[in-house]
Enquirer: 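Mind looking over this structure? Questions follow.
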Protein chains: 2
Amino acid sequence: MANIQQVAQKAGVSVATVSRVLNNHATVTPKTRLKVEQAINELNYEPSMLGRNLRNSESRLLLVLIPSISNPFYTEIIDGIEDTAIKNNYNILLCDTDSNPQRENIYFNLVKNKLADGIISMDPAVDMQKLIDLAEHHPIIQCSEYDENSCIPYVTIDNELAAYHAVKHLIKLGHEKIALINSDEKFLYARQRRQGYERALSEFNLPINKEWIYNTTQLEFEFGQQAMKKLLQSDEKPSAVFAVSDTLAIGALKEINSHGLLVPDDISVVGFDKISFSSMTNPTLTTVSQPMYRMGCTAASMLIDSIQGNKVESIVLNHELVIRESTMG
Amino acid sequence: MANIQQVAQKAGVSVATVSRVLNNHATVTPKTRLKVEQAINELNYEPSMLGRNLRNSESRLLLVLIPSISNPFYTEIIDGIEDTAIKNNYNILLCDTDSNPQRENIYFNLVKNKLADGIISMDPAVDMQKLIDLAEHHPIIQCSEYDENSCIPYVTIDNELAAYHAVKHLIKLGHEKIALINSDEKFLYARQRRQGYERALSEFNLPINKEWIYNTTQLEFEFGQQAMKKLLQSDEKPSAVFAVSDTLAIGALKEINSHGLLVPDDISVVGFDKISFSSMTNPTLTTVSQPMYRMGCTAASMLIDSIQGNKVESIVLNHELVIRESTMG
DNA sequence: CTGAAAGCGCTAACAC
DNA sequence: GTGTTAGCGCTTTCAG
């Protein structure tokens with residue numbers, strides 16, 4: 001692969017001039033510019049980002065940390081991030097951390113080592129202390145998941161309010177025995193959604209029954225099934241279930257089905273995230289929709305802003321309750 | 001951020017010695033090594049990959065091209081790639097091409113520009129000519145999808161045989177009216193799977209009915225629904241459906257359901273890929289399982305081999321038919 | 001408007 | 001064992 005030297009030689013100019021042509025520095029005669037462009041074409045030359053980045057100490061690469069590529073929730077957010085990044089002449093690097101600290105470390109090092117300019121973290125299981133340390137010297141944005149105590153900017157929705165709305169919807173339908181399938185409450189969003197759940201119940205003077213609250217360790221379908229199985233064993237069966245993730249809700253749906261019960265006639269179900277599969281279930285799933293694409297765009301804009309040395313403020317976006325068959329008695 | 005110079009100065013040695021310590025070149029006195037390590041710690045020094053890569057002209061980054069992060073089929077493959085890459089001290093960069101040639105270009109440039117050492121392409125819609133051109137100077141492996149005429153090495157399964165097995169399974173169950181929901185036959189796997197479908201029918205002297213063959217333009221659920229809708233309108237309704245992707249099969253399932261028909265009693269359904277959702281549907285889906293994790297591992301090994309200058313041979317792995325409720329009359 | 005030259009951070013010959 | 005130095009490919013002063 002040719003380098004800038006060879007192009008310069010072929011064009012009969014200096015490397016500086018070639019560089020000027022490459023970077024559109026207006027101060028080049030059309031004639032020399034033409035010569036250089038010809039040489040570039042003939043040699044099939046492509047500038048090396050490595051040299052450029054080393055010189056400019058920037059990589060124009062953004063890291064996006066996701067716990068697992070298999071969670072469909074992230075799909076649209078990433079589209080938003082990617083579109084915005086490309087628009088600003090950045091590229092993104094998807095980092096599947098698997099919630100594994102060792103992998104996490106690798107990606108953090110990419111930033112420390114100047115191979116990436118900043119990070120958008122969407123991993124709820126991220127090592128917060130390390131992220132905070134990194135944020136001292138490098139631009140970092142949290143997306144969807146965040147830490148309220150750190151001063152790392154974030155973009156998210158109001159999880160408490162969203163959960164409140166979901167549960168209130170069930171109450172308005174006449175449900176009084178509403179179960180909660182929550183994920184691990186070490187995650188902030190899990191704690192917030194539980195608060196919303198409890199607030200809705202309290203507001204309508206419904207008791208909070210511990211037997212109807214189940215915490216899963218993970219978000220895969222199977223954990224939703226397991227949770228539902230347990231809930232169906234309780235002394236008094238709930239008549240509705242709010243799951244903090246569509247994947248869990250879909251698992252619950254499956255379990256309810258396999259017990260010969262009907263949704264929503266016997267039990268109503270509400271999920272969270274509006275993943276694409278949620279309209280393929282039978283019945284289709286009522287769920288809380290986050291503005292995922294916009295969330296991604298916002299996070300990317302914030303990160304790029306931050307890279308360019310600007311101060312950025314955290315943002316809370318609006319959610320929306322999507323009512324479908326699983327709550328349409 | 002400190003650089004190697006400052007470390008050398010602080011430790012009272014030369015940069016070469018620091019470099020030796022960093023790269024574990026045994027020829028360093030324990031005493032000096034200690035001094036250097038101390039300086040590294042005090043300065044919080046992290047070597048810059050940019051400098052290192054420029055010097056070594058390698059990035060130890062592998063590009064993985066996927067058409068869309070939302071297709072669950074790729075999840076496990078990527079796990080395999082990632083594990084193997086990390087084991088060999090490489091990192092991977094997930095590239096969501098969206099089957100958009102412009103994005104594709106960006107990623108190709110990363111390789112040309114030495115920011116990545118090689119590519120694993122899983123995008124069936126990739127611009128083959130460009131890929132072939134790139135492969136002349138850069139290590140490239142095709143995974144799952146491939147071009148039979150290029151000499152780019154690939155790892156895949158025998159799609160024709162897999163489809164043959166799936167359809168034969170339906171025939172053995174007594175089905176004679178078997179529909180095919182295929183994707184766009186500009187893709188090799190689509191052509192191969194159709195061949196397998198036709199071979200099975202021919203072998204049992206079943207006619208090939210054009211009305212029962214439907215080609216979708218995309219793989220999302222909705223396209224499976226649409227296809228099934230069309231098939232249910234045909235003069236003679238099929239009694240079984242083979243879809244070349246689980247996502248399509250799930251869409252078909254949904255459509256059959258919403259017509260008040262039962263699977264498998266009225267219509268049996270077979271999918272392809274064994275994505276995680278396929279066990280969450282009602283009924284669970286019979287499907288063809290590819291050894292995805294191993295496929296990913298293999299692709300990564302081949303790529304790394306290729307980067308290290310070795311010749312690599314294409315590999316065909318075995319598939320497996322997973323029989324579940326959707327064909328258990 | 002263009003060229004010469006320094007230097008980004010690092011590694012590997014080559015000396016000593 | 002360790003230091004000196006050239007150079008990876010590029011951009012950007014500074015002169016002219």
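Being a predicted model, the structure only gives us computed values, none of them experimental.
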Enquirer: Starting at NE2 of B:His138, measure out to CG of B:Asp117 and round the result to the nearest 0.5 Å.
Expert: 10.5 Å

Enquirer: Report the C-alpha distance between A:Tyr189 and A:Ser144 in whole Å, list the side-chain angles of each, state the deciding distance to 0.1 Å, and finish with yes or no for side chain to side chain donor-acceptor pair (under 3.5 Å).
Expert: CA-CA 9 Å; A:Tyr189 77 89; A:Ser144 169; over 6 Å; no

Enquirer: Can you tell me how far the CZ atom of B:Phe108 sits from the CG atom of B:Leu65, to the nearest 0.5 Å?
Expert: 6.0 Å

Enquirer: Respond yes when some side-chain nitrogen or oxygen of A:Thr32 is under 4.0 Å from OP1 or OP2 of C:dC1, and no when none is.
Expert: no

Enquirer: How many whole angstroms separate atom CD of A:Gln6 from atom C1' of D:dC10?
Expert: 14 Å

Enquirer: What's the CG-C1' distance between B:Asn53 and D:dC8, to the nearest Å?
Expert: 11 Å

Enquirer: What integer distance in Å separates B:Lys35:NZ from D:dG1:P?
Expert: 15 Å

Enquirer: Sugar-phosphate means primed atoms, P, OP1 and OP2; the rest is base. With that split, encode nucleotides 6-16 of chain C 5' to 3' as B, S or - using protein heavy atoms under 4.0 Å.
Expert: BBBBBBBB---

Enquirer: Under 3.5 Å, is there a donor-acceptor pair linking the side chains of B:Asp184 and B:Thr217?
Expert: no

Enquirer: When the distance from CD1 of A:Ile40 to P of D:dC10 is rounded to whole Å, what number comes out?
Expert: 10 Å

Enquirer: To the closest 0.5 Å, what do you measure between OH (A:Tyr74) and CG (A:Asp79)?
Expert: 15.0 Å

Enquirer: Is the backbone of A:Gln6 close enough, under 3.5 Å, to the side chain of A:Asn3 for a donor and an acceptor to pair up by distance?
Expert: yes

Enquirer: Between B:Thr29 and D:dT2, is there a side-chain N or O to OP1/OP2 distance below 4.0 Å?
Expert: yes

Enquirer: So does A:Thr27 get a side-chain nitrogen or oxygen closer than 4.0 Å to the phosphate oxygens (OP1/OP2) of C:dC1?
Expert: no

